[in-house]
Structures are given as structure tokens and as C-alpha cells.
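A short worksheet on the structure shown next.
Throughout, protein chains are lettered first and strands after them, A, B, ... in sequence-line order, and every chain is numbered starting at 1.
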Amino acid sequence: MTNYWLFKSEPGCFSFDDLAQRPGQTEQWDGVRNFQARNFLRDQVQVGDGVLFYHSNIPEPHIAGTAWVVRAGYPDWTACDPASEHFDPKSSADNPIWYMVDVRYGEAFRRPVTLAELKAHPLLAGMVLLQRSRLSIQTVTPEEWTIILGLGGL
DNA sequence: GCCAACGTTGGC
DNA sequence: GCCAACGTTGGC
């Protein structure tokens, strides 16, 4: 069964445009260093799942478009790379702590769906984003997915 | 830049 | 296992 997710990224680090410039190519969603988000990546995110790509920590936070999961959770090797800014000395190849998935560009929204719009929509009041805003990998219901794609003009 | 929310660490 | 201190996230 297809599930839906919201992945957050700071566009200064990795943006939806960065993904859009490589259509059809596989991108690693690495660097997640939060246990609850890690559990989703390791245990629940599956090939074929839909992803809303959210831009955080900018003047007008918004969802920019969609992506698709093309590989389920596997160890995030950047945790074992001392040169990586996501290096974690507690993680090892034998006993990985952190996980990542691979995604591929989906579709760009015709207009970005801002956080303000999400907050204003009565049917989106239950979104995880609006209740536990700091979680970087979040579940999205099929109803929320449909509404948000509509708001984005898809 | 501020600050609230909240996750993590570490002493006990 | 509790909880205070501390660090980070992210909206504003």
C-alpha cells in the first residue's frame, strides 16, 4: 500500500530545485539525525510512497512539489564518514544507527503551498506539520495528500 | 535575532 | 529513571 510522507529540507542545504535538476535520477535522503524520523525511514517508508517536499527555515516556508521513494530504508553511510557534517562516531557499519532512503523527483507544484495556507485550511488542521512542527519526516494522510496537490495546482 | 518547543545528555 | 542543563529546529 502506498503511504504518503512529508520530508523537510532547508533549501540552502538541499532544495526541490536541486532535485528537479536531476529528473529520473536517484537522490539519497541522508543526514536525518532524529530517532523518530529515523524509525520512519528504517521501518515504514517503502518504494512507491509519495513525498511532499517541504522547504523549512526560510521567510515563507512551503511545500514545493512531490517526490517518490525509489529505495526503502538502508544504513546512512554518511554517519560513518568523519568528513561528513552528519558524522556520528556512535554509528558504525556493523551497527548502524541512522538510515536513509532514496527518492526521485516527482512533480513541481504550479504554485508553492505555503505554511500559512496549510494553517488556514480547515481540513488540514490535523497535519503533523501543524502539531509537531520540528519532526523532519512526517506522515501525511491520503486525504491531506489529495488536498495539498490540489492547492499546488496539480 | 529572538524565542518557544522539544530532543538529548549526563549526574544522581 | 528522573530531571536540569543544554543544544537544535524553525517560525516569526
Side-chain angles (χ1 to χ4, degrees), chain A residues 3-21 27-45 49-69 72-103 105-141 143-154:
Chain A
N3 289 308
Y4 298 104
W5 306 93
L6 182 145
F7 287 10
K8 285 197 293 192
S9 184
E10 298 190 24
C13 180
F14 184 73
S15 73
F16 188 71
D17 281 345
D18 293 332
L19 187 68
Q21 278 162 19
E27 292 291 329
Q28 295 175 338
W29 200 273
D30 60 21
V32 172
R33 297 292 180 267
N34 166 281
F35 286 105
Q36 195 177 355
R38 184 283 309 267
N39 291 345
F40 283 136
L41 294 178
R42 186 188 59 187
D43 305 331
Q44 290 188 242
V45 178
D49 286 357
V51 174
L52 297 173
F53 196 122
Y54 180 81
H55 282 159
S56 68
N57 222 354
I58 51 174
E60 194 164 59
H62 61 273
I63 301 169
T66 64
W68 297 101
V69 176
Y74 62 103
D76 181 347
W77 55 267
T78 65
C80 299
D81 176 7
S84 168
E85 57 183 314
H86 302 300
F87 175 64
D88 182 352
K90 296 200 272 297
S91 193
S92 68
D94 285 347
N95 206 354
I97 297 175
W98 305 112
Y99 282 72
M100 59 184 172
V101 300
D102 290 350
V103 300
Y105 173 74
E107 276 187 280
F109 283 176
R110 288 203 264 171
R111 46 204 157 71
V113 178
T114 64
L115 178 60
E117 269 182 277
L118 298 172
K119 283 181 173 173
H121 194 111
L123 295 178
L124 298 177
M127 280 191 76
V128 177
L129 185 69
L130 305 183
Q131 316 224 323
R132 316 185 52 184
S133 65
R134 287 182 51 186
L135 189 58
S136 60
I137 305 288
Q138 312 181 351
T139 55
V140 170
T141 68
E143 293 77 18
E144 291 162 352
W145 173 269
T146 301
I147 292 168
I148 291 166
L149 261 61
L151 293 175
L154 296 185

Whole-Å gap separating [atom2] ([N]) and [atom1] ([X]):
X	N	atom1	atom2	answer
A:Asn34	C:dT8	CG	P	14 Å
A:Ile137	C:dG10	CD1	P	11 Å
A:Asn57	B:dC2	CG	P	16 Å
A:Leu129	B:dC6	CG	P	13 Å
A:Arg33	C:dG10	CZ	P	15 Å
A:Leu118	C:dC12	CG	P	11 Å
A:Phe35	B:dT9	CZ	C1'	11 Å
A:His55	C:dG10	NE2	C1'	15 Å

Has [X] got a side-chain N or O lying under 4.0 Å from the OP1 or OP2 atom of [N]?
X	N	value
A:Tyr54	C:dG11	yes
A:Lys119	C:dC12	yes
A:Lys8	C:dT9	no

If you round to the nearest 0.5 Å, how far is CD1 of A:Ile147 from CD of A:Glu117?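 Taking CD in A:Glu117 and CD1 in A:Ile147, the distance rounds to 12.5 Å.
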What class does the angle between the rings of A:His62 and A:His55 fall in, given that below 30° is parallel, 30 to 60° is tilted and above 60° is perpendicular?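 A:His62 and A:His55: perpendicular rings.
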How are the rings of A:Trp29 and A:Phe53 set to each other: parallel, tilted or perpendicular (split at 30° and 60°)?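 Ring orientation, 0 to 90° scale: perpendicular.
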Residues A:Asp76 and A:Arg33 bridged, charged N to O under 4.0 Å: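 A:Arg33 and A:Asp76: salt-bridged.
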